[in-house]
2 protein chains.
Amino acid sequence: MAEVRSPDTRERILDAAERLFMAHGYEGTSMRQITGEAGVNLAAVNYHLGSKEALVQEVFRRRLDWLNDERMRVLNAMEAEADGKPLKPSQIVDGFFGTLLRMADDERRGGITFLRLLGRMLTDPSEFIRAFFAHEYSEVIDRYKEALFKALPDVPKAEIVWRFHFMLGATSYAIAGTDALRVVTDWQIEEADATDRLDRLVPRLMSFLLGGLRAPLPQFSDAEAVGK
Amino acid sequence: MAEVRSPDTRERILDAAERLFMAHGYEGTSMRQITGEAGVNLAAVNYHLGSKEALVQEVFRRRLDWLNDERMRVLNAMEAEADGKPLKPSQIVDGFFGTLLRMADDERRGGITFLRLLGRMLTDPSEFIRAFFAHEYSEVIDRYKEALFKALPDVPKAEIVWRFHFMLGATSYAIAGTDALRVVTDWQIEEADATDRLDRLVPRLMSFLLGGLRAPLPQFSDAEAVGK
DNA sequence: CTATGATTCATACGTTCGTTTGAATCATAG
DNA sequence: CTATGATTCAAACGAACGTATGAATCATAG
(Lines give C-alpha, C1' and ligand atoms only; values in the text may rest on other atoms or scores of the structure.)
Protein backbone atom coordinates (compact mmCIF):
# COMPACT_ATOMS: atom_id res chain seq x y z
CA MET A 1 0.00 0.00 0.00
CA ALA A 2 1.65 3.17 -1.19
CA GLU A 3 1.15 6.09 1.10
CA VAL A 4 -0.26 9.47 0.20
CA ARG A 5 2.99 11.06 -0.90
CA SER A 6 1.86 13.72 -3.32
CA PRO A 7 4.88 15.14 -5.15
CA ASP A 8 5.33 18.85 -5.72
CA THR A 9 2.32 19.03 -8.02
CA ARG A 10 0.18 20.17 -5.15
CA GLU A 11 2.62 22.88 -4.13
CA ARG A 12 3.01 24.12 -7.68
CA ILE A 13 -0.75 24.46 -7.95
CA LEU A 14 -0.91 26.41 -4.70
CA ASP A 15 1.93 28.71 -5.80
CA ALA A 16 0.32 29.42 -9.15
CA ALA A 17 -3.08 29.98 -7.55
CA GLU A 18 -1.54 32.39 -5.05
CA ARG A 19 -0.05 34.50 -7.82
CA LEU A 20 -3.15 34.46 -10.00
CA PHE A 21 -5.66 35.10 -7.23
CA MET A 22 -3.49 38.05 -6.25
CA ALA A 23 -3.49 39.44 -9.78
CA HIS A 24 -7.07 38.73 -10.86
CA GLY A 25 -9.10 37.82 -7.79
CA TYR A 26 -10.97 34.63 -6.97
CA GLU A 27 -13.79 34.82 -9.48
CA GLY A 28 -11.48 36.32 -12.07
CA THR A 29 -9.10 33.35 -12.10
CA SER A 30 -10.00 30.11 -13.87
CA MET A 31 -8.85 26.60 -13.18
CA ARG A 32 -7.35 26.51 -16.66
CA GLN A 33 -5.22 29.56 -15.96
CA ILE A 34 -4.01 28.02 -12.71
CA THR A 35 -3.13 24.62 -14.13
CA GLY A 36 -1.59 26.26 -17.18
CA GLU A 37 0.70 28.45 -15.10
CA ALA A 38 1.54 25.55 -12.82
CA GLY A 39 2.30 23.30 -15.76
CA VAL A 40 0.01 20.52 -14.60
CA ASN A 41 -3.07 18.82 -15.97
CA LEU A 42 -6.44 20.50 -15.58
CA ALA A 43 -7.79 17.66 -13.48
CA ALA A 44 -4.94 17.92 -10.99
CA VAL A 45 -6.63 20.61 -8.92
CA ASN A 46 -9.73 18.56 -8.30
CA TYR A 47 -7.62 15.49 -7.66
CA HIS A 48 -5.28 17.10 -5.12
CA LEU A 49 -7.46 19.79 -3.60
CA GLY A 50 -11.04 18.74 -4.35
CA SER A 51 -12.59 21.95 -5.67
CA LYS A 52 -11.89 25.60 -6.41
CA GLU A 53 -13.30 26.63 -3.04
CA ALA A 54 -11.10 24.15 -1.23
CA LEU A 55 -8.16 25.38 -3.26
CA VAL A 56 -8.44 29.01 -2.25
CA GLN A 57 -8.95 28.04 1.38
CA GLU A 58 -5.79 25.94 1.28
CA VAL A 59 -3.89 28.80 -0.36
CA PHE A 60 -4.66 30.91 2.71
CA ARG A 61 -4.42 28.21 5.30
CA ARG A 62 -0.85 27.22 4.55
CA ARG A 63 0.23 30.84 5.19
CA LEU A 64 -2.19 31.98 7.86
CA ASP A 65 -1.60 28.99 10.11
CA TRP A 66 2.03 29.99 10.44
CA LEU A 67 1.28 33.72 10.68
CA ASN A 68 -1.27 33.42 13.45
CA ASP A 69 0.81 30.88 15.36
CA GLU A 70 3.72 33.32 15.17
CA ARG A 71 1.53 36.16 16.37
CA MET A 72 0.47 34.06 19.32
CA ARG A 73 4.05 33.08 20.07
CA VAL A 74 5.23 36.72 19.98
CA LEU A 75 2.40 37.90 22.20
CA ASN A 76 2.95 35.13 24.71
CA ALA A 77 6.66 35.92 24.86
CA MET A 78 6.04 39.63 25.40
CA GLU A 79 3.48 39.00 28.10
CA ALA A 80 5.77 36.53 29.85
CA GLU A 81 8.54 39.13 29.86
CA ALA A 82 6.22 41.86 31.12
CA ASP A 83 5.31 39.64 34.05
CA GLY A 84 1.73 40.78 34.46
CA LYS A 85 2.31 44.45 33.67
CA PRO A 86 0.56 45.93 30.64
CA LEU A 87 2.44 45.94 27.36
CA LYS A 88 3.23 49.10 25.45
CA PRO A 89 0.78 49.76 22.59
CA SER A 90 3.70 49.89 20.18
CA GLN A 91 4.70 46.37 21.20
CA ILE A 92 1.21 45.06 20.56
CA VAL A 93 0.86 46.79 17.23
CA ASP A 94 4.24 45.48 16.16
CA GLY A 95 3.33 41.99 17.28
CA PHE A 96 0.21 41.93 15.16
CA PHE A 97 0.98 44.09 12.15
CA GLY A 98 4.76 43.96 12.21
CA THR A 99 4.73 40.18 12.22
CA LEU A 100 2.48 40.30 9.17
CA LEU A 101 4.57 42.86 7.32
CA ARG A 102 7.81 41.01 7.95
CA MET A 103 6.41 38.12 5.95
CA ALA A 104 7.16 40.25 2.89
CA ASP A 105 10.86 39.43 3.23
CA ASP A 106 10.28 35.73 3.77
CA GLU A 107 9.83 34.07 0.41
CA ARG A 108 9.25 30.73 2.10
CA ARG A 109 6.08 32.19 3.61
CA GLY A 110 4.77 33.60 0.36
CA GLY A 111 6.58 36.92 0.51
CA ILE A 112 5.01 40.00 -0.92
CA THR A 113 2.74 38.01 -3.21
CA PHE A 114 0.82 36.55 -0.31
CA LEU A 115 0.69 39.91 1.45
CA ARG A 116 -0.91 41.58 -1.51
CA LEU A 117 -3.31 38.67 -1.94
CA LEU A 118 -4.36 38.93 1.69
CA GLY A 119 -4.82 42.68 1.47
CA ARG A 120 -7.13 42.32 -1.47
CA MET A 121 -9.09 39.33 -0.28
CA LEU A 122 -9.93 40.85 3.10
CA THR A 123 -12.57 42.92 1.33
CA ASP A 124 -13.59 40.22 -1.14
CA PRO A 125 -17.34 39.92 -1.34
CA SER A 126 -17.50 36.13 -1.52
CA GLU A 127 -19.42 34.91 1.48
CA PHE A 128 -17.46 31.73 2.09
CA ILE A 129 -14.17 33.63 2.00
CA ARG A 130 -15.37 36.04 4.67
CA ALA A 131 -16.59 33.16 6.79
CA PHE A 132 -13.24 31.45 6.40
CA PHE A 133 -11.30 34.50 7.56
CA ALA A 134 -13.59 35.06 10.51
CA HIS A 135 -12.98 31.52 11.69
CA GLU A 136 -9.25 31.54 10.97
CA TYR A 137 -8.63 34.83 12.75
CA SER A 138 -11.00 34.94 15.71
CA GLU A 139 -8.68 33.50 18.33
CA VAL A 140 -5.64 35.67 17.66
CA ILE A 141 -7.76 38.81 17.23
CA ASP A 142 -9.37 38.26 20.62
CA ARG A 143 -6.02 37.85 22.34
CA TYR A 144 -4.61 41.03 20.81
CA LYS A 145 -7.72 43.01 21.65
CA GLU A 146 -7.43 41.90 25.27
CA ALA A 147 -3.81 43.02 25.31
CA LEU A 148 -4.83 46.44 23.99
CA PHE A 149 -7.60 46.77 26.57
CA LYS A 150 -5.01 46.18 29.26
CA ALA A 151 -2.47 48.52 27.69
CA LEU A 152 -4.98 51.36 27.34
CA PRO A 153 -7.19 51.12 30.43
CA ASP A 154 -8.45 54.69 30.06
CA VAL A 155 -9.76 54.19 26.52
CA PRO A 156 -13.24 52.67 26.22
CA LYS A 157 -13.10 49.14 24.88
CA ALA A 158 -15.46 49.94 22.05
CA GLU A 159 -13.11 52.67 20.94
CA ILE A 160 -10.19 50.27 20.83
CA VAL A 161 -12.16 47.78 18.77
CA TRP A 162 -13.01 50.46 16.25
CA ARG A 163 -9.41 51.54 16.01
CA PHE A 164 -8.24 47.98 15.56
CA HIS A 165 -10.62 47.85 12.63
CA PHE A 166 -9.18 51.04 11.17
CA MET A 167 -5.62 49.80 11.59
CA LEU A 168 -6.52 46.63 9.74
CA GLY A 169 -7.96 48.65 6.91
CA ALA A 170 -4.98 50.94 6.53
CA THR A 171 -2.66 47.94 6.56
CA SER A 172 -4.55 45.74 4.15
CA TYR A 173 -4.99 48.58 1.69
CA ALA A 174 -1.34 49.51 1.93
CA ILE A 175 -0.07 46.00 1.29
CA ALA A 176 -2.60 45.38 -1.47
CA GLY A 177 -0.63 48.10 -3.20
CA THR A 178 -3.05 48.57 -6.02
CA ASP A 179 -2.37 52.28 -6.23
CA ALA A 180 -5.92 52.46 -7.50
CA LEU A 181 -5.89 56.20 -7.09
CA ARG A 182 -2.29 56.59 -8.15
CA VAL A 183 -1.46 58.20 -4.84
CA VAL A 184 2.24 57.76 -5.38
CA THR A 185 3.05 60.19 -8.15
CA ASP A 186 5.85 61.06 -10.47
CA TRP A 187 8.15 63.16 -8.36
CA GLN A 188 8.45 60.16 -6.12
CA ILE A 189 11.10 58.35 -8.05
CA GLU A 190 11.07 55.02 -6.30
CA GLU A 191 8.81 52.24 -7.57
CA ALA A 192 12.12 50.46 -7.81
CA ASP A 193 10.96 47.08 -6.65
CA ALA A 194 7.90 45.86 -4.84
CA THR A 195 9.86 44.37 -1.94
CA ASP A 196 12.02 47.45 -1.73
CA ARG A 197 8.94 49.62 -1.63
CA LEU A 198 7.62 47.65 1.29
CA ASP A 199 10.81 48.23 3.26
CA ARG A 200 10.12 51.92 3.17
CA LEU A 201 6.45 51.42 3.86
CA VAL A 202 6.73 49.51 7.11
CA PRO A 203 8.10 52.18 9.47
CA ARG A 204 5.77 54.76 7.97
CA LEU A 205 2.74 52.56 8.38
CA MET A 206 3.65 51.72 11.96
CA SER A 207 3.91 55.40 12.85
CA PHE A 208 0.56 56.06 11.25
CA LEU A 209 -1.14 53.17 13.03
CA LEU A 210 0.21 54.21 16.44
CA GLY A 211 -0.77 57.81 15.82
CA GLY A 212 -4.30 56.75 15.01
CA LEU A 213 -4.50 54.33 17.92
CA ARG A 214 -3.47 57.03 20.39
CA ALA A 215 -5.46 59.87 18.86
CA PRO A 216 -7.68 61.98 21.15
CA LEU A 217 -11.11 60.50 21.67
CA PRO A 218 -13.70 61.81 19.23
CA GLN A 219 -16.01 64.61 20.25
CA PHE A 220 -19.57 63.62 19.58
CA SER A 221 -21.38 66.77 18.59
CA ASP A 222 -24.91 66.61 19.91
CA ALA A 223 -27.66 65.99 17.38
CA GLU A 224 -25.04 64.82 14.94
CA ALA A 225 -24.33 68.35 13.65
CA VAL A 226 -21.90 67.29 11.03
CA GLY A 227 -18.42 68.50 11.60
CA LYS A 228 -16.11 71.34 12.16
CA MET B 1 -37.93 61.79 -34.81
CA ALA B 2 -38.41 60.69 -31.21
CA GLU B 3 -35.64 61.78 -28.92
CA VAL B 4 -33.54 59.58 -26.67
CA ARG B 5 -35.88 59.55 -23.72
CA SER B 6 -35.02 56.32 -21.97
CA PRO B 7 -37.53 55.67 -19.19
CA ASP B 8 -36.46 54.46 -15.80
CA THR B 9 -35.26 51.14 -17.17
CA ARG B 10 -31.73 52.42 -17.30
CA GLU B 11 -31.86 53.70 -13.72
CA ARG B 12 -33.37 50.47 -12.44
CA ILE B 13 -30.53 48.55 -14.06
CA LEU B 14 -27.94 50.81 -12.45
CA ASP B 15 -29.60 50.50 -9.05
CA ALA B 16 -29.75 46.74 -9.22
CA ALA B 17 -26.16 46.53 -10.46
CA GLU B 18 -25.02 48.77 -7.61
CA ARG B 19 -26.58 46.48 -5.02
CA LEU B 20 -25.36 43.26 -6.61
CA PHE B 21 -21.81 44.45 -7.31
CA MET B 22 -21.66 45.50 -3.69
CA ALA B 23 -22.81 42.11 -2.47
CA HIS B 24 -20.97 39.79 -4.88
CA GLY B 25 -18.33 41.81 -6.71
CA TYR B 26 -17.93 42.51 -10.39
CA GLU B 27 -16.95 39.06 -11.64
CA GLY B 28 -19.31 37.44 -9.17
CA THR B 29 -22.40 39.17 -10.55
CA SER B 30 -24.02 38.05 -13.80
CA MET B 31 -26.08 39.99 -16.27
CA ARG B 32 -28.97 37.64 -15.59
CA GLN B 33 -28.89 38.41 -11.87
CA ILE B 34 -28.88 42.13 -12.60
CA THR B 35 -31.74 42.10 -15.10
CA GLY B 36 -33.67 39.70 -12.89
CA GLU B 37 -33.41 41.96 -9.85
CA ALA B 38 -34.18 45.04 -11.93
CA GLY B 39 -37.20 43.35 -13.51
CA VAL B 40 -36.10 44.08 -17.05
CA ASN B 41 -35.24 41.99 -20.06
CA LEU B 42 -31.79 40.45 -20.33
CA ALA B 43 -30.98 42.40 -23.47
CA ALA B 44 -31.77 45.73 -21.80
CA VAL B 45 -28.28 46.11 -20.33
CA ASN B 46 -26.56 45.84 -23.68
CA TYR B 47 -29.17 48.06 -25.25
CA HIS B 48 -28.97 50.87 -22.68
CA LEU B 49 -25.39 50.58 -21.48
CA GLY B 50 -23.52 48.67 -24.16
CA SER B 51 -21.62 46.05 -22.19
CA LYS B 52 -20.90 44.82 -18.69
CA GLU B 53 -17.72 46.88 -18.51
CA ALA B 54 -19.55 50.01 -19.56
CA LEU B 55 -22.24 49.20 -17.00
CA VAL B 56 -19.93 49.07 -14.01
CA GLN B 57 -18.21 52.25 -15.12
CA GLU B 58 -21.54 54.03 -15.34
CA VAL B 59 -22.51 52.72 -11.92
CA PHE B 60 -19.50 54.52 -10.50
CA ARG B 61 -19.58 57.56 -12.72
CA ARG B 62 -23.07 58.68 -11.79
CA ARG B 63 -21.98 58.81 -8.12
CA LEU B 64 -18.33 59.81 -8.37
CA ASP B 65 -18.96 62.75 -10.65
CA TRP B 66 -21.08 64.35 -7.99
CA LEU B 67 -18.79 63.34 -5.14
CA ASN B 68 -15.63 64.72 -6.67
CA ASP B 69 -17.35 67.88 -7.83
CA GLU B 70 -18.58 68.39 -4.29
CA ARG B 71 -15.09 67.78 -2.92
CA MET B 72 -13.74 70.41 -5.28
CA ARG B 73 -16.49 72.83 -4.34
CA VAL B 74 -15.84 72.39 -0.61
CA LEU B 75 -12.09 72.80 -1.00
CA ASN B 76 -12.47 75.89 -3.15
CA ALA B 77 -14.84 77.42 -0.61
CA MET B 78 -12.49 76.73 2.28
CA GLU B 79 -9.51 78.14 0.45
CA ALA B 80 -11.42 81.23 -0.56
CA GLU B 81 -12.37 81.80 3.05
CA ALA B 82 -8.81 81.23 4.25
CA ASP B 83 -7.66 83.91 1.86
CA GLY B 84 -4.24 82.44 1.07
CA LYS B 85 -3.49 81.13 4.54
CA PRO B 86 -3.02 77.37 4.97
CA LEU B 87 -6.06 75.36 5.95
CA LYS B 88 -6.23 73.27 9.08
CA PRO B 89 -5.53 69.57 8.46
CA SER B 90 -8.86 68.71 10.05
CA GLN B 91 -10.63 70.85 7.48
CA ILE B 92 -8.89 69.12 4.61
CA VAL B 93 -9.54 65.65 5.96
CA ASP B 94 -13.17 66.51 6.51
CA GLY B 95 -13.45 67.93 3.03
CA PHE B 96 -12.19 64.77 1.42
CA PHE B 97 -13.31 61.95 3.71
CA GLY B 98 -16.18 63.68 5.47
CA THR B 99 -17.80 64.58 2.17
CA LEU B 100 -17.57 60.93 1.18
CA LEU B 101 -18.94 59.62 4.44
CA ARG B 102 -21.86 62.00 4.46
CA MET B 103 -23.08 60.35 1.26
CA ALA B 104 -24.23 57.51 3.51
CA ASP B 105 -27.17 59.59 4.65
CA ASP B 106 -28.12 60.70 1.15
CA GLU B 107 -30.14 57.99 -0.49
CA ARG B 108 -30.31 60.02 -3.69
CA ARG B 109 -26.56 59.62 -4.01
CA GLY B 110 -26.57 55.89 -3.43
CA GLY B 111 -26.40 55.98 0.34
CA ILE B 112 -24.59 53.31 2.23
CA THR B 113 -24.88 50.82 -0.61
CA PHE B 114 -22.64 52.88 -2.84
CA LEU B 115 -20.21 53.55 -0.02
CA ARG B 116 -19.74 49.87 0.63
CA LEU B 117 -19.42 49.17 -3.07
CA LEU B 118 -16.73 51.81 -3.39
CA GLY B 119 -14.85 50.50 -0.37
CA ARG B 120 -14.72 47.04 -1.82
CA MET B 121 -13.98 47.97 -5.40
CA LEU B 122 -11.02 50.17 -4.52
CA THR B 123 -9.01 46.99 -4.03
CA ASP B 124 -10.64 45.08 -6.85
CA PRO B 125 -8.05 43.35 -9.00
CA SER B 126 -9.69 44.04 -12.37
CA GLU B 127 -7.28 46.11 -14.38
CA PHE B 128 -9.83 48.27 -16.18
CA ILE B 129 -11.53 49.14 -12.88
CA ARG B 130 -8.27 50.36 -11.39
CA ALA B 131 -7.54 52.38 -14.51
CA PHE B 132 -10.98 53.90 -14.33
CA PHE B 133 -10.54 54.99 -10.71
CA ALA B 134 -7.11 56.42 -11.38
CA HIS B 135 -8.52 58.59 -14.13
CA GLU B 136 -11.67 59.56 -12.27
CA TYR B 137 -9.82 60.59 -9.13
CA SER B 138 -6.52 62.09 -10.22
CA GLU B 139 -7.59 65.72 -10.33
CA VAL B 140 -9.26 65.92 -6.94
CA ILE B 141 -6.52 63.88 -5.28
CA ASP B 142 -3.88 66.25 -6.55
CA ARG B 143 -5.72 69.29 -5.25
CA TYR B 144 -6.16 67.81 -1.78
CA LYS B 145 -2.55 66.70 -1.63
CA GLU B 146 -1.45 70.23 -2.46
CA ALA B 147 -3.65 71.56 0.31
CA LEU B 148 -2.06 69.16 2.76
CA PHE B 149 1.44 70.13 1.66
CA LYS B 150 0.59 73.72 2.42
CA ALA B 151 -1.09 72.88 5.71
CA LEU B 152 1.85 70.81 6.94
CA PRO B 153 4.95 72.58 5.61
CA ASP B 154 7.28 70.86 8.07
CA VAL B 155 6.28 67.35 7.03
CA PRO B 156 8.09 65.93 3.97
CA LYS B 157 5.77 65.69 1.00
CA ALA B 158 6.50 62.01 0.52
CA GLU B 159 5.36 61.41 4.07
CA ILE B 160 2.07 63.16 3.44
CA VAL B 161 1.46 61.12 0.31
CA TRP B 162 2.00 57.90 2.22
CA ARG B 163 -0.37 59.00 4.96
CA PHE B 164 -3.01 59.99 2.47
CA HIS B 165 -2.73 56.45 1.19
CA PHE B 166 -3.16 55.02 4.68
CA MET B 167 -6.16 57.22 5.37
CA LEU B 168 -7.78 56.01 2.19
CA GLY B 169 -7.22 52.43 3.24
CA ALA B 170 -8.65 52.84 6.71
CA THR B 171 -11.68 54.60 5.27
CA SER B 172 -12.42 52.22 2.43
CA TYR B 173 -12.08 49.20 4.68
CA ALA B 174 -14.29 50.77 7.30
CA ILE B 175 -17.08 51.62 4.90
CA ALA B 176 -16.81 48.28 3.12
CA GLY B 177 -17.97 46.97 6.46
CA THR B 178 -17.35 43.36 5.69
CA ASP B 179 -16.39 42.58 9.26
CA ALA B 180 -14.29 39.90 7.66
CA LEU B 181 -12.48 39.36 10.92
CA ARG B 182 -15.55 39.90 13.03
CA VAL B 183 -13.85 42.77 14.80
CA VAL B 184 -17.09 44.02 16.26
CA THR B 185 -18.03 41.40 18.79
CA ASP B 186 -20.91 40.40 20.95
CA TRP B 187 -20.68 42.75 23.90
CA GLN B 188 -21.08 45.52 21.39
CA ILE B 189 -24.81 45.47 21.17
CA GLU B 190 -25.38 47.69 18.18
CA GLU B 191 -25.55 46.26 14.67
CA ALA B 192 -28.94 47.93 14.80
CA ASP B 193 -28.90 49.28 11.30
CA ALA B 194 -26.21 49.83 8.75
CA THR B 195 -26.88 53.54 8.42
CA ASP B 196 -27.06 53.91 12.17
CA ARG B 197 -23.75 52.11 12.51
CA LEU B 198 -22.14 54.56 10.15
CA ASP B 199 -23.30 57.50 12.23
CA ARG B 200 -21.22 56.23 15.08
CA LEU B 201 -18.34 55.37 12.81
CA VAL B 202 -17.78 58.78 11.28
CA PRO B 203 -16.47 60.78 14.25
CA ARG B 204 -14.36 57.84 15.35
CA LEU B 205 -12.83 57.41 11.94
CA MET B 206 -12.10 61.11 11.64
CA SER B 207 -10.26 61.11 14.96
CA PHE B 208 -8.25 58.11 13.87
CA LEU B 209 -7.34 59.63 10.52
CA LEU B 210 -6.21 62.89 12.07
CA GLY B 211 -4.21 61.07 14.71
CA GLY B 212 -2.44 59.09 12.03
CA LEU B 213 -1.89 62.10 9.83
CA ARG B 214 -0.24 64.04 12.66
CA ALA B 215 1.72 61.16 14.14
CA PRO B 216 5.44 61.67 14.85
CA LEU B 217 7.62 60.97 11.84
CA PRO B 218 8.92 57.42 11.72
CA GLN B 219 12.40 56.60 12.93
CA PHE B 220 14.34 54.82 10.24
CA SER B 221 16.85 52.29 11.30
CA ASP B 222 20.20 53.52 9.92
CA ALA B 223 21.25 52.60 6.42
CA GLU B 224 18.93 53.91 3.76
CA ALA B 225 17.42 56.39 6.21
CA VAL B 226 15.08 57.91 3.71
CA GLY B 227 13.35 61.13 4.49
CA LYS B 228 12.96 63.04 7.72
C1' DC C 1 -55.31 57.57 -38.84
C1' DT C 2 -50.36 56.06 -40.50
C1' DA C 3 -45.45 56.16 -40.19
C1' DT C 4 -41.19 56.13 -37.66
C1' DG C 5 -38.02 55.25 -34.45
C1' DA C 6 -37.32 53.86 -29.60
C1' DT C 7 -37.78 50.11 -26.63
C1' DT C 8 -38.87 45.43 -25.16
C1' DC C 9 -38.93 40.62 -25.75
C1' DA C 10 -37.93 35.55 -26.48
C1' DT C 11 -34.46 33.06 -28.21
C1' DA C 12 -30.19 31.60 -29.64
C1' DC C 13 -25.12 32.03 -30.53
C1' DG C 14 -20.42 30.76 -29.38
C1' DT C 15 -17.38 30.56 -25.46
C1' DT C 16 -15.77 29.47 -21.10
C1' DC C 17 -16.64 27.77 -16.69
C1' DG C 18 -15.83 23.92 -12.80
C1' DT C 19 -16.04 19.24 -12.62
C1' DT C 20 -16.01 14.26 -13.95
C1' DT C 21 -14.64 10.15 -16.30
C1' DG C 22 -11.90 6.20 -17.55
C1' DA C 23 -7.89 4.83 -19.50
C1' DA C 24 -2.73 5.40 -19.45
C1' DT C 25 1.38 5.91 -16.82
C1' DC C 26 4.24 5.78 -12.84
C1' DA C 27 6.35 4.16 -8.40
C1' DT C 28 6.88 0.84 -5.23
C1' DA C 29 6.00 -3.56 -2.34
C1' DG C 30 6.27 -8.45 -2.33
C1' DC D 1 9.12 -10.16 -12.38
C1' DT D 2 3.95 -9.01 -11.21
C1' DA D 3 0.55 -6.57 -8.66
C1' DT D 4 -1.39 -2.51 -6.55
C1' DG D 5 -2.52 1.87 -5.72
C1' DA D 6 -1.20 6.71 -6.64
C1' DT D 7 -0.96 9.99 -10.11
C1' DT D 8 -1.42 11.98 -14.76
C1' DC D 9 -3.75 12.63 -18.93
C1' DA D 10 -7.00 13.75 -22.94
C1' DA D 11 -11.53 14.27 -23.51
C1' DA D 12 -15.99 15.33 -22.50
C1' DC D 13 -20.04 16.85 -19.45
C1' DG D 14 -23.81 20.15 -18.47
C1' DA D 15 -24.30 24.68 -16.89
C1' DA D 16 -23.67 29.44 -16.99
C1' DC D 17 -21.55 33.24 -19.07
C1' DG D 18 -21.77 37.91 -22.10
C1' DT D 19 -23.60 39.21 -26.28
C1' DA D 20 -26.34 39.46 -30.65
C1' DT D 21 -30.49 38.98 -33.48
C1' DG D 22 -34.90 40.02 -35.40
C1' DA D 23 -39.55 40.31 -34.60
C1' DA D 24 -43.13 42.44 -31.50
C1' DT D 25 -44.66 46.35 -28.97
C1' DC D 26 -44.92 51.04 -27.64
C1' DA D 27 -44.99 56.21 -27.95
C1' DT D 28 -45.23 60.02 -30.54
C1' DA D 29 -45.00 63.25 -34.83
C1' DG D 30 -47.32 64.53 -38.90
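Letters A, B, ... are given to chains in the order of the sequence lines, protein chains preceding strands, and every chain is numbered from 1.
- Using the six-membered ring where Trp is involved, A/Phe60 and A/Phe132 have ring planes that are tilted, between 30° and 60° apart.
- By the side chain to side chain donor-acceptor pair (under 3.5 Å) test, A/Glu139 pairs with no residue at all, sequence neighbours left out.
- OP1 or OP2 of D/dT8 lies within a sub-4.0 Å distance of a side-chain N or O belonging to A/Thr9.
- Between atom CG of residue A/Leu55 and atom CG of residue A/Leu49 there is a gap of 5.0 Å, rounded to the nearest 0.5 Å.
- Nearest heavy-atom pair across B/Leu115 and B/Ile175 is O-CD1, 3.3 Å.
- Following rounding to the nearest Å, B/Gln33 (CD) and D/dA15 (C1') show an atom-to-atom distance of 14 Å.
- Partners of A/Phe21 according to the ring pair (Phe, Tyr, Trp, His ring centres under 6.0 Å) rule, which considers only residues two or more places apart in sequence or in another chain, are A/Tyr26.
- Look at B/Asp15 and B/Arg10 and you find no salt bridge, because none of the NZ, NE, NH1 or NH2 atoms lies under 4.0 Å from a carboxylate O.
- Although no hydrogens or angles enter the test, the distance criterion places a donor-acceptor pair under 3.5 Å between the side chain of A/Gln33 and the main chain of A/Ser30.
- The phosphate of D/dA6 (OP1 or OP2) has no side-chain N or O of A/His48 nearer than 4.0 angstrom.
- Distance alone, capped at 3.5 Å, is enough to place a donor-acceptor pair between the A/Lys52 side chain and the A/Thr29 backbone.
- Put simply, the side chain of A/Arg120 gets close to the backbone of A/Met22: a donor and an acceptor are under 3.5 Å apart.
- The CZ atom of A/Arg10 sits 16 Å away from the P atom of D/dA6 (whole-angstrom rounding).
- What separates CG of A/Leu49 from P of C/dT19 is a distance of 11 Å, to the nearest Å.
- Only B/Thr29, B/Ser30, B/Met31, B/Arg32, listed by number, bring a heavy atom of residues 13-32 of chain B to less than 4.0 angstrom from any atom of DNA chain D.
- Relative to the ring axis of A/Phe96, A/Arg71 places its NZ or CZ within 45° and under 6.0 Å from the centre.
- Contacts between residues 37-46 of chain B and DNA chain D, counted as heavy-atom distances below 4.0 Å, involve B/Leu42, B/Ala43, B/Asn46.
- Remark: the backbone N or O of B/Leu122 is not paired with any side-chain donor or acceptor of B/Ser172 at under 3.5 angstrom.
- Across its full length, the helix from C/dC1-D/dG30 to C/dG30-D/dC1 shows an angle of 0° between the axes of its 5 terminal pairs at either end, rounded to 10 degrees.
- At a non-hydrogen distance threshold of 4.0 Å, A/Ser51, A/Lys52 from residues 51-60 of chain A come into contact with DNA chain C.
- For the ring-ring contact (aromatic ring centres under 6.0 Å, His included) criterion with A/Phe166, the lone passing option out of B/Phe166, B/Phe208, B/Phe97 is B/Phe208.
- Checked for salt-bridge contact, A/Arg63 and A/Asp106 miss the test: no charged N lies under 4.0 Å from a carboxylate O.
- In this structure, B/Tyr47 atom OH and D/dT19 atom C1' are separated by 16 Å, rounded to whole Å.
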